[in-house]
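By convention here, the first residue in the shown sequence is residue 1.
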Amino acid sequence: MNDKNKHELHVAIIGCGDFAKHFVPLFLAHPTVDSLKVCDIDEKRAREYAKTFNVGIIKTFEDVINDKAINTVAIFTQRHTHGDLVVRALNAGKDVYSAVPMAVSVEDCKRIIDAVKQTGRIYMMGETCIYYPSAMYCKEAFERGEFGDFVYAESQYYHDISHFPKEFQDDKPNSAVPPFFYPTHSTAMVLHATNSYVTKVSAMGYCDIQEDTPFAIGKNPWDNTFSNEFSLMRLSNGGVARVNECRRIGYKAPSSSVQSFYGTKGSYQFSNAQHIMQTLTEQGVTLKDVSHYVNPEEMTQNNNGTVDFKNCVANHGYQWYHVSPIQAKEYKRIPDSYRKIAQVNGHMASHQLLIDEFCTCVANGKMPYVNAWRAARFTIPGLIAHESAKQGGKLLDVPDFGGGPEET
C-alpha cells in the first residue's frame with residue numbers, strides 16, 4: 001500500500017470448505033491486504049487451499065489467536081460455530097469478517113456486540129442480500145418516497161438442500177439446523193430496505209415427512225423437525241413482513257428475493273425475471289416495468305421471452321457474477337484489481353462488494369454497514385421465530401440491542 005496512514009491487513013481465513021474458496025482470491029486481490037494464511041481443522045483441506053491459492057497455512061485457531069502478526073480474521077466455518085469463534089478473535093484484538101449467520105443464540109449475538117464495544121475492533125457479517133438488486137431497488141424507491149408509508153413486504157430464502165454438496169447434506173449439525181437459525185438472507189432484505197427492525201414475531205414450521213429426512217428428533221443434534229419455517233414479523237415502523245426460510249421446497253432461483261413490497265402509495269412485485277412497480281394515482285395506478293434496471297445486464301440482453309430463457313433464470317442463470325444497473329453505483333468504488341477478475345464473484349455479484357467494504361473499513365478504521373448491531377437485528381428475529389414455531393405460532397417479543405454508535 002502506498003498510503004502508510006492506512007492499516008495493512010494480515011488475514012487468516014478460518015475454514016477451507018466449499019464456500020470460502022470464492023473469497024480467498026478477493027482478499028488476495030484487495031490492495032489493503034498484505035498477507036494471507038488459511039486454517040482448517042482438516043489439514044488436507046488447508047493444504048489444498050495453500051496449493052490452489054499459493055498461500056501459507058496456520059495450523060490451528062489457537063495459533064491464529066496467538067499470532068500477533070495476524071490482525072484480521074475471516075470466518076467461513078460451519079454456521080453454528082460462528083459466535084464463539086468471533087468472540088475469541090475480537091477479544092484477541094483481531095478485526096473480524098464472518099459469514100452468516102452472526103450466531104445461533106441471542107446470547108452469542110449479545111456477546112459479539114459486547115466484545116466489539118470492549119475491544120473497539122471491527123466486526124462485519126457478510127450478508128450478501130443487502131446488495132441483491134431487488135432489495136436495493138425497494139430501498140431506493142422507499143427512500144424516494146414512492147411507496148409512501150411502509151405497509152407489508154414478503155421476502156424469503158428458498159434453498160432446497162438437494163442443491164447443496166453431498167458433504168454438506170451428510171453433515172447433520174449443518175444440514176438439519178433449524179431454517180430460522182440461518183435467517184439473514186431473508187430478514188436483511190426487508191430490514192435493509194426499510195431501515196427498521198423486528199419487534200414481534202409469530203411463526204410456524206413444516207414437519208418433514210420424507211423417509212430420508214435429517215429433520216427429525218434423534219436424527220440431528222438440534223432435535224429439529226422443521227425443514228421449512230414461515231413467519232409474520234412486526235417491524236418497528238408499524239408494518240408487517242412475511243419472512244420464510246425453506247430447505248425442502250420445489251423452488252430454486254433466485255434463492256433470496258423480495259417478492260413483494262407494499263406501501264400506502266406504491267407497490268413492487270417480482271416473479272422470475274420480471275420486476276413491476278405500481279404507483280397509486282387518482283385514476284388508479286401507473287405501472288412501470290423496472291426489470292431492465294434490476295436484472296443483470298446479461299439477463300436483459302438475452303431475454304427473448306422464450307421458455308428456455310425463463311428456465312435458465314429459474315436455475316440461477318445470470319445470477320452469479322453478472323452485475324445489474326442498480327448495482328453500478330456501488331461498483332464504482334471497487335479497486336481496479338477487482339475489475340481484472342470480474343468473474344471471481346458470486347451471489348448476485350455481491351461478493352466483491354462485501355470484501356471491498358470490509359477491507360476498506362478495516363484499513364480506514366470505519367464502521368461497516370452490517371456491523372455487530374445491525375447483524376444482530378438481522379439474525380435474532382429468526383432465532384425467536386424458531387421458538388415461536390416450536391410453540392405453535394405464539395407471538396413473541398424480539399430482543400433488540402439498539403442500532404449501535406450510528407444511532408447515538
Pair [X]-[Y], side-chain donor/acceptor within less than 3.5 Å:
| X | Y | answer |
| --- | --- | --- |
| E127 | T184 | yes |
| T300 | H292 | no |
| Y321 | H351 | no |
| D171 | Q78 | yes |
| D356 | H30 | yes |
| E297 | H322 | no |
| H7 | N364 | no |
| H275 | Y137 | no |

Quick one: are [X] and [Y] in side-chain contact, heavy atoms under 4.5 Å?
| X | Y | value |
| --- | --- | --- |
| Y123 | S98 | yes |
| M348 | Y131 | no |
| I13 | K37 | no |

Atom CD in E330, atom CD1 in I326: separation rounded to 0.5 Å?
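Going from CD on E330 over to CD1 on I326, the span is 10.0 Å.
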With R247 as the cation and F215 as the aromatic partner, state whether NZ or CZ is under 6.0 Å from the six-membered ring centre and within 45° of the axis.
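That pair does not qualify as a cation-pi contact.
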Could you list all the side chain to side chain donor-acceptor pair (under 3.5 Å) pairs where at least one residue sits in residues 253-266, not counting sequence neighbours?
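Qualifying pairs: E154-S260, Q156-S257, R242-Q259, Y262-Q269.
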Applying side chain to side chain donor-acceptor pair (under 3.5 Å), can you list everything that pairs with D397, at least two apart in sequence or on another chain?
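In terms of side chain to side chain donor-acceptor pair (under 3.5 Å), with neighbours along the sequence ignored, D397 is linked to K200.
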Excluding sequence neighbours, so at least two apart, what forms side chain to side chain donor-acceptor pair (under 3.5 Å) with N345?
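Counting only residues at least two positions away or on another chain, N345 forms a side chain to side chain donor-acceptor pair (under 3.5 Å) with Y331.
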